[in-house]
Amino acid sequence: KARLNLLLNRPPEAPLGDPGEIPLKPMTHTFEDLFTLAKTKSPRLNGASAEVKKSADTLSLSRWNTLPDLSVQYRHRDMNGADTQDATFGFSVPLFAWKEASETSAARASHRAALAGEESLKRDIALQIKALLVKVETSGHLAALYRDHLIPQARQALNIEKAHYEADHTAFVDLFE
């Protein structure tokens, strides 16, 4: 009693009173609602999504490295009164294509790993949400069991023992059992 009053910031000898009715609110959120919310708010999942985007960009850039480089150049010169203009078009072909191909292959593997990590994290979050929903449901059933059956039975048993004690049919110690 004193510890409960201490937690409630009251004097140790203050009466606790009747605990009253236990209000139970049903769970209104579905798994889909909670999972959608977790997908948008989870820092871990946001980090994994950013890693997927980064690896996709790296893969895209590595593919561009295997293409020829195109160049266009325009030049206007004025030399001693002679006006000249040049325009050139060119392209360069990568001679070491195996290097770029290996970079693309590594980027593709990195992208697959990032996608797999993101999916694994989504499944882990879904599992955690389902486990927590089961705990909430179980706790609700347990609270309803206490409210509807155990507490009323305990009150009835206490009242019966109290009546037996007042009628001198039971010892004082039996009240506490």
Side-chain angles (χ1 to χ4, degrees), residues 1-64 102-177:
K1 176 179 168 182
R3 285 189 181 194
L4 283 176
N5 280 328
L6 178 69
L7 289 173
L8 295 171
N9 198 23
R10 297 190 302 201
E13 65 278 350
L16 289 178
D18 189 22
E21 197 63 30
I22 301 172
L24 296 178
K25 295 181 182 178
M27 182 67 170
T28 57
H29 298 290
T30 64
F31 169 78
E32 289 77 19
D33 295 338
L34 295 173
F35 188 60
T36 301
L37 184 64
K39 284 194 290 188
T40 59
K41 301 290 184 183
S42 170
R44 289 174 47 209
L45 195 54
N46 290 340
S49 296
E51 187 64 33
V52 167
K53 184 179 180 335
K54 176 184 163 191
S55 67
D57 292 344
T58 302
L59 178 60
S60 177
L61 288 174
S62 71
R63 287 180 179 154
W64 278 99
S102 66
E103 287 175 2
T104 302
S105 177
R108 187 177 298 114
S110 175
H111 184 62
R112 283 189 199 131
L115 284 171
E118 182 185 38
E119 284 304 312
S120 174
L121 189 57
K122 283 181 183 177
R123 285 190 297 274
D124 184 48
I125 288 172
L127 179 67
Q128 288 177 9
I129 290 171
K130 284 184 181 183
L132 290 173
L133 281 173
V134 167
K135 281 185 179 181
V136 166
E137 185 178 326
T138 303
S139 296
H141 291 311
L142 185 61
L145 177 69
Y146 271 96
R147 180 193 65 200
D148 299 338
H149 299 290
L150 296 177
I151 291 175
Q153 287 175 5
R155 281 190 180 137
Q156 184 181 16
L158 178 65
N159 289 338
I160 290 170
E161 287 298 321
K162 197 171 162 185
H164 280 279
Y165 174 72
E166 290 172 354
D168 285 334
H169 294 299
T170 305
F172 180 73
V173 175
D174 291 338
L175 270 177
F176 298 106
E177 293 178 1

[X] side chain to [Y] backbone, donor-acceptor under 3.5 Å:
X: S55; Y: E51; answer: yes
X: S120; Y: A116; answer: no
X: T36; Y: E32; answer: yes

Which atom names give the shortest non-hydrogen contact between [X] and [Y], and what distance separates them?
X: L59; Y: T104; value: CD1-O, 3.7 Å
X: S42; Y: I125; value: OG-CD1, 3.7 Å
X: L45; Y: A38; value: CD2-O, 4.4 Å

**Request:** Could you list all the salt bridge (Lys or Arg N to Asp or Glu O under 4.0 Å) pairs where at least one residue sits in residues 35-44, not counting sequence neighbours?
**Result:**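 Output for this query lists R44-D124.
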Nearest 0.5 Å, what's the [atom1]-[atom2] distance between [X] and [Y]?
X: L34; Y: M27; atom1: CG; atom2: CE; result: 5.0 Å
X: T138; Y: L142; atom1: OG1; atom2: CG; result: 8.5 Å
X: Q153; Y: D148; atom1: CD; atom2: CG; result: 10.5 Å
X: Q156; Y: I160; atom1: CD; atom2: CD1; result: 4.5 Å
X: K122; Y: S49; atom1: NZ; atom2: OG; result: 6.0 Å
X: E118; Y: R123; atom1: CD; atom2: CZ; result: 10.5 Å

**Prompt:** Among pairs that include at least one residue of residues 30-55, which meet ring-ring contact (aromatic ring centres under 6.0 Å, His included), considering only residues two or more places apart or in two chains?
**Reply:** F31-F35
**Request:** Please lay out, stage by stage, how L115 and E119 fare under the test side-chain contact (heavy atoms from CB on, under 4.5 Å).
**Result:** CA-CA 6 Å; L115 284 171; E119 284 304 312; 5.7 Å; no
**Complete:** Residue set satisfying side chain to side chain contact (heavy atoms under 4.5 Å, CB included) with E137, at least two apart, ordered chain then number -> H141
